Amino acid sequence: MPWTAVFCPALAYARAMPELPEVETTRRKIEPLLRGKVIERLAHDAPHKYPNTHLAHGKRVRALTRRGKYLLLHLAAADAAETQPHDLELIVHLGMTGGFRLEEGPHTRVTFELEGGERLYFNDPRRFGKVAAVSPGEYASMPTLAAMGPEPLSDDFTEAEFVQAAAGCGAVKVWLLSQKPVSGVGNIYADESLWLSKIHPAQTKLTADEASRLYHAVREVMHEAVERGGSSLGNGVGNYRQHDGEGGGYQTRHHAYGKTGQPCERCGTPIEKIVLGQRGTHFCPACQQVRKADS
DNA sequence: AATCATCCCTGAACGC
DNA sequence: TGCGTTCAGGGATGAT
C-alpha cells in the first residue's frame, strides 16, 4: 500500500480484527491528531451509513474515549469554555476492517477535514464500520453500546458479579460475544480466553470455579493484548508496516484461534474448529471439554 | 424477552 | 494461469 497507515488492524495483523486492544491502540494513535482540533467537515457520500455527521461540523474535539470496541469523540462548540461539558459525541466503530490513515486511499469512507487543512481518513474496505453523531450518552440507535458491560480492565469488572451472571449463561462463547458480561471481547480473544481457562466454548451455566478462571483469563488476555498494541506507540505514526512481516516481535501469538489442526500447546491434541453463534470457534477437544450436565 | 438466522461488504484464500 | 466460489465476521435487524 502506497499510503501511510495510522492504524489499520486488518493490515497490521494478517488475521486480527479490531477488538478492544486494537481499538484502544487506535484511540491512542489518533488522539494527538484530533484532540483540541476543530472538525470543519466530515466528508462522505453515504448519509444513511454515517448518520448526522454534519452535526459535528465546526465543533472542537474535547476528548477521545473508548467504550468496548466503540471510539467516542467528545465534541463541543469551538468557542465553548473548557469547563463546559461536551454536547455531541461522534461514535466510531471500526467494524471488521476500519482504520485511520493520513492519506486518502481506495477505501476511504469518511474524510475528517480539520482546521488548518489537516486531513484524517477513515478507511474501511468492507464497510462494516460505523460513524455517527449522537447526543452525549444517547445510544438508543446503538443497542449494543447502550447495553455494554463493564470494561474488562477496570474496577467495575468484578469477579463476584461475573461469577454470578455466568451461573445462568447460555453457550459461554456466545454470551461473551454479546458484550454484556464484559465489553470488548471479540471472536479471537473469546477463543483465547476460553482456551486459557480450559472451558469448552459451548459450555452453559458455568460453575463458580469455571467462571472465576474465565474472569481472570479475560483480564489476562486483554491486558496482554493492550500492552502489546501499546508497545509500538513510540514508533511514530505510520510504522505499522514493520508488523506485517513474519518475524515481527509484536505478532499476536494465539493458542487456539486460527490453529485448526495444529497441536494444542498444552497437551498436543489437534485444535478443532466448530461454528458457534455463526462464528468460527477454535478449541482443544481434550483440554476444553463440555462438563457433564449435573442436576 | 430471549434466541436465532440473515444481512451487510469485499479481499483473500481456495478449487478446479 | 485464471477464473469462479467460498470464507471471514461485529452487530443491527427481523423472525420465531
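The structure presented is a predicted model; accordingly, all values stated were derived computationally and were not measured.
- At whole-Å resolution of the value, CG in A/Leu71 and P in C/dG10 are 16 Å apart.
- Atom P of nucleotide C/dC7 and atom CG of A/Asn187 are separated by 16 Å, given to the nearest angstrom.
- Taking a cutoff of 4.0 Å between a charged side-chain nitrogen and a carboxylate oxygen, A/Glu118 and A/Lys37 qualify as a salt bridge.
- Under the 4.5 Å side-chain criterion, counting only non-hydrogen atoms from C-beta, A/Arg28 is in contact with A/Val226.
- Here the C1' atom of nucleotide C/dG10 and the NZ atom of A/Lys173 are 12 Å apart, to the nearest Å.
- If you check every strand for non-hydrogen atoms under 4.0 Å, A/Gly280 touches sugar and phosphate atoms only.
- As rounded to whole Å, 14 Å separates atom P of C/dG9 from atom OH of A/Tyr189.
- Rounded to a whole Å, the CZ atom of A/Arg126 is 10 Å from the P atom of B/dA12.
- Between the CE atom of A/Met17 and the P atom of B/dA12 there is a distance of 16 Å, given to the nearest Å.
- For the pair A/His48 NE2 and B/dC7 P, the computed distance is 16 Å after rounding to whole Å.
- Note on A/Lys59 versus A/Asp87: salt bridge recorded, some NZ/NE/NH1/NH2 to OD/OE distance being below 4.0 Å.
- Ion pairing between A/Glu210 and A/Arg291 holds under the 4.0 Å rule for side-chain N and carboxylate O.
- The side chain to side chain contact (heavy atoms under 4.5 Å, CB included) test with A/Phe100 is passed by exactly one of A/Val110, A/Leu33, A/Leu120: A/Leu120.
- Residue A/His282 contributes atom NE2, which lies 12 Å from atom C1' of C/dC7 at whole-angstrom precision.
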| Summary of protein contacts for nucleotides 11-16 of chain C, nucleotide by nucleotide, where a base hit scores B, a sugar-phosphate-only hit scores S (4.0 Å, heavy atoms) | BS----
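- A salt bridge links A/Glu24 to A/Arg66: one of the charged nitrogens lies within less than 4.0 Å of a carboxylate oxygen.
- Contact annotation: A/His107 reaches the phosphate of B/dG11 (side-chain N/O to OP1 or OP2, under 4.0 Å).
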